[in-house]
Structures are given as C-alpha cells and as structure tokens.
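Here's the structure, in structure tokens; my notes come after.
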There are 2 protein chains.
Amino acid sequence: MFPVVLPNRPFREPAANARGKLLEAAVRLVRTQGFAATSVDDLCREAGVTKGAFFHHFPSKEALGVAAADYWSQSTGAFFASAPYHLIEDPVDRVLAYIDLRMALIGGPVESFTCVAGTMVQEAFRTSAAIRIACETSIMTNAAALESDIAAAMAQAGVTGTTAASLARHIQAVIQGAFVLAKTQENQSCADLAREQLGHLRRYFTMLFNADEKEAPR
Amino acid sequence: MFPVVLPNRPFREPAANARGKLLEAAVRLVRTQGFAATSVDDLCREAGVTKGAFFHHFPSKEALGVAAADYWSQSTGAFFASAPYHLIEDPVDRVLAYIDLRMALIGGPVESFTCVAGTMVQEAFRTSAAIRIACETSIMTNAAALESDIAAAMAQAGVTGTTAASLARHIQAVIQGAFVLAKTQENQSCADLAREQLGHLRRYFTMLFNADEKEAPR
DNA sequence: GGAAACATACCAACCGGTCGGTATGGTGCA
DNA sequence: TGCACCATACCGACCGGTTGGTATGTTTCC
C-alpha cells in the first residue's frame with residue numbers, strides 16, 4: 001500500500017557541517033541516554049567534532065537542546081507531510097492510515113523509534129523553559145498537522161462530544177505513552193508493546209468513526 | 001461517590017529515618033528534575049541528611065534509583081488497592097471508576113501527579129538495567145492489579161479481539177502519555193491536558209464495554 | 001584580508017563515591 | 001547493677017575524575 005518505510009533507518013541525509021553532525025548526535029544520544037546524562041563531551045565525540053566547534057555553533061548545552069528539538073520537529077514534520085497516506089481519499093481511512101504508518105515505523109531497538117521531544121521534556125520541563133517550549137512546539141505541531149484530516153473524518157462519521165484538536169493530541173499522547181512502556185522492556189519486546197498501544201488507539205478511532213454506521217439502523 | 005482524594009497531597013507518612021527521607025526526596029526530585037539531573041548532594045540536601053547517611057543506606061546512586069522505584073511501586077500500589085472504588089459491584093463501572101479516580105488525582109503542579117517510574121525509565125532504560133527492571137515492575141504490577149476487573153467487565157460485555165492484560169497495559173500507556181504531554185505545558189494547563197487524555201481513555205472503554213448493547217439487537 | 005568555521009588548551013565548580021570517625025542503643029556476662 | 005562489646009546509624013572532609021564553559025589560536029573560504 002505504501003512504499004516500505006524501514007524503521008530504524010534515518011530518513012535524514014548525513015550532515016556535512018559540525019552543526020548538523022552535532023544535531024544528529026544529539027538525536028541519537030538523547031534518545032538513548034536522555035538529555036541530562038548526555039555531556040557536551042559525549043556529543044562532540046559522537047559527532048566527531050571538538051568542543052570549540054560545539055560552542056561556536058551553540059551558546060550553551062541548553063541551546064543545543066532547543067535546536068535539537070527544533071531539528072527533530074522539522075525533520076519528522078517534513079517526513080509525515082510528504083508521506084503518501086495523504087493521497088487516500090476517504091478521511092476516515094486517511095486518519096487510520098496515519099496510525100498504521102506510525103505503527104509501521106516501530107521496530108528495531110527502542111531508541112531508534114522513540115521521540116526526542118517526549119524524552120527531553122520529561123527531564124527539562126522544570127529546569128529549562130526554552131527546552132520545554134521547543135518540545136511543546138514539536139509535539140503540538142505534529143498533532144496540529146492531523147487536525148484537518150480528523151475534522152473531516154469526524155464530520156463524515158458524525159462524531160460529536162470531542163474535537164479534532166483533542167483527538168489529535170490524544171494520538172500523540174498514546175504514542176508517547178507507548179514509548180514509555182516500550183522502554184520498560186528488554187530489547188525484543190519493546191516494539192511489540194509499543195505497537196500494542198497503537199492497536200488500541202486504532203480500535204478507539206475505528207469505533208469512534210463507525211459509531212454512525214452501527215447506530216443508524218436501529 | 002468517593003471520599004475526596006486531594007491531589008498533590010502525599011498519602012505517605014513523613015519518614016523518620018534517613019533512608020525514608022532519602023526515598024521521599026528521591027520521589028520529589030526525580031519527578032521535577034529527572035534522575036540524571038539529580039545529584040547525590042541534591043538528594044541529601046532535600047532529605048536533610050548527609051552524604052555519609054546516603055552511602056550508608058545505599059551502595060550507589062543507582063541503588064537509590066532502584067529503591068525509589070520499589071518504594072513508589074509499593075506506596076502507590078497500596079493506595080490503589082485500598083481505594084473504595086473496589087466496592088462497586090458492576091465490573092464495568094468498577095473499571096470506569098478506576099479511570100475516574102486516576103482523573104481525580106490529577107491536579108496541582110505537574111510534578112505532583114506524575115509517575116516516578118515512567119520518568120526514570122525514560123532516562124535509565126539503556127544505562128541501568130536494574131532501574132529499568134524496577135520501573136517495569138512498578139508499571140506492570142500496577143497494570144496487573146486491574147486485570148481481574150477488566151476481565152470481568154469484558155466477559156460481561158462480551159468484548160473480544162483483545163485481552164484484559166493488554167487493556168490494562170493500555171491504561172498505563174495512556175496515563176504515561178498524558179504525563180508526557182502535560183509536561184509540555186505551562187503550569188495552569190498541565191492538569192487539563194492530562195485529564196483530557198484520560199477522558200479519551202474513558203470513552204474508549206465505554207464504547208468497548210457497550211459494544212454488546214449496540215450490536216446485539218441487529 | 002577578514003570573517004566564519006573550526007581546533008587546542010585550560011579552568012573552576014561539581015560529580016559520585018570513599019574514608020576515618022562518632023553517637024547511640026542493645027546484649028551478654030559477672 | 002554495671003560495664004565491656006559490638007552493630008547500626010550517621011557525620012563531613014576529602015578524592016580523582018568529569019562537568020559546562022572560556023580563551024586563544026589556526027585554518028578555510030569568499
């Protein structure tokens with residue numbers, strides 16, 4: 001149905017300059033260790049650059065965190081914006097296809113499919129307002145991109161009692177929760193547990209959007 | 001319906017000895033700063049004990065993390081086990097009442113209602129297997145405590161296509177995801193956003209358990 | 001040549017953890 | 001009763017290494 005999307009395969013081109021290498025290193029290290037446990041030296045080593053390069057491009061470690069969240073937001077946003085599921089005509093199917101796509105992206109080691117923003121905001125929400133806001137923007141922008149499809153699906157199915165924005169946020173919440181639960185597992189089970197959660201999300205949406213069909217012929 | 005459960009009010013007695021004080025300090029600091037960003041000195045200052053006391057009771061910071069997860073698991077487990085919602089006869093209502101209770105516990109600053117295990121596992125899943133397992137136990141034990149109620153509700157409503165264990169895990173996933181999203185918000189909105197997610201979870205369960213009534217008279 | 005893009009060397013503060021020592025209270029025995 | 005003995009609880013100075021960050025080159029490219 002879709003071109004195969006390999007999980008764990010980064011969909012970003014290798015960065016040439018130090019700034020890009022540091023952002024890529026930040027994505028990898030934050031995903032595996034978290035932000036606080038990742039030192040500037042770690043980042044430089046992983047990126048293959050020196051500390052001078054780091055502080056040339058970023059005034060502080062916190063600024064790197066903000067930039068990493070923005071970088072993450074932009075690259076994932078572009079990926080989902082260009083995903084072919086948008087071509088599906090029926091809005092309900094389109095929303096479900098988004099969930100299926102998120103499910104297909106889950107695989108391999110847990111740090112290969114988890115979310116940088118979700119990981120970072122857990123640690124930094126109180127210590128760094130800048131990072132918190134950058135993560136908020138990342139997650140909420142991701143949610144907002146789904147609103148129009150969800151609104152169309154709701155209108156078609158006659159769903160009431162909630163809003164498209166709220167449902168879009170819930171998708172993000174379930175995804176983030178799936179990642180947290182996945183991190184409690186040993187290697188092999190991570191992806192299964194995460195996919196299970198998206199399965200329930202899919203079922204919720206299926207029931208919501210089919211409520212019309214089930215209740216109409218009474 | 002229930003005796004009022006004040007959110008943000010710890011339901012644990014103040015600890016007398018250094019060990020207990022350190023565990024309480026760990027709960028507070030890990031919730032607000034995360035595990036890695038919390039130093040041993042921070043913990044000692046917050047607990048009002050010295051470093052000597054710390055390493056008398058815990059062989060390492062990692063061991064404190066494990067103990068904190070166990071402590072968290074035990075105290076929350078006891079709280080939910082003794083909650084009066086268990087008295088409700090109808091199993092479907094009982095499951096929904098658990099969700100309502102979780103919803104009622106959300107309020108005040110975000111670090112007063114979030115989960116220690118969920119926060120800690122995000123940072124430590126790769127760096128410390130011991131902490132990862134302690135957090136897994138905490139979350140999965142919490143989930144397992146719901147299984148019998150959910151199984152009874154499923155049997156009564158004739159729900160198929162999933163298992164009680166899977167649904168119990170999903171409750172935990174949505175709660176964890178709600179916490180992550182809440183942390184992206186400024187003070188006032190945190191609780192609202194978290195409650196919104198539990199609202200969707202409640203709707204999912206309501207639809208699941210009423211599926212019987214809707215589909216039977218065809 | 002001059003600014004941007006890096007590299008090297010270095011710093012003070014802080015990190016987790018160690019260590020010698022003390023205060024206290026229980027136990028066994030004369 | 002009283003005292004030697006000892007385990008537990010706790011103290012705070014201290015250690016080597018690491019931290020985020022800086023100051024000062026050197027190279028690269030327009």
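Labels below follow one simple rule: chain letters A, B, ... track the order of the sequence lines, proteins then strands, and each chain is numbered from 1.
For the pair A/Asn17 CG and D/dT28 P, the interatomic distance rounds to 16 Å; values are reported in whole Å. Rounding to whole angstrom units, CD of residue B/Gln33 and P of C/dC15 are separated by 10 Å. Separating the CG atom of B/Leu29 from the P atom of C/dG16 is a distance of 12 Å, rounded to the nearest angstrom. Rounded to an integer number of Å, the gap from A/Phe54 CZ to C/dA9 C1' is 18 Å. Rounded to an integer number of Å, the gap from B/Lys61 NZ to C/dC15 C1' is 9 Å.
The side chain of B/Ala53 lies closest to D/dC11 when the candidates are D/dG20, D/dC11, C/dG17. The side chain of B/Phe55 has C/dT18 as its nearest neighbour among D/dG21, D/dC10, C/dT18.
The phosphate of D/dA9 (OP1 or OP2) has a side-chain N or O of B/His56 nearer than 4.0 angstrom. Put simply, B/His57 has a side-chain N or O that comes within less than 4.0 Å of OP1 or OP2 on D/dC10.
A side-chain hydrogen bond (donor to acceptor under 3.5 Å, both in side chains) with A/Ser128 holds for exactly one of A/Glu62, A/Glu123, A/Lys61; it is A/Glu62.
Under 3.5 Å, the side chain of A/Lys51 and the base of D/dG21 form at least one donor-acceptor pair of N or O atoms.
For B/Ser112 (side chain) and B/Gly107 (main-chain N/O), a donor-acceptor pair under 3.5 Å exists by modelled atom type.
Side-chain contact annotation: B/Arg94 with B/Tyr98, donor-acceptor N/O pair under 3.5 Å absent.
Contact annotation: the side chain of B/Glu136 approaches that of A/Gln185 to within less than 4.5 Å [non-hydrogen atoms, C-beta and beyond].
Within a heavy-atom distance below 4.0 Å of DNA chain D, no residue of residues 35-45 of chain B is found.
For residues 165-174 of chain A, the set of pairs meeting the side chain to side chain donor-acceptor pair (under 3.5 Å) definition, not counting sequence neighbours, comprises A/Ser166-B/Glu196, A/Ser166-B/His200, A/Arg169-B/Glu196, A/His170-B/Gln197.
If you take CZ on A/Phe54 and CG on A/Leu22, they are separated by 6.5 Å, rounding to the nearest 0.5 Å.
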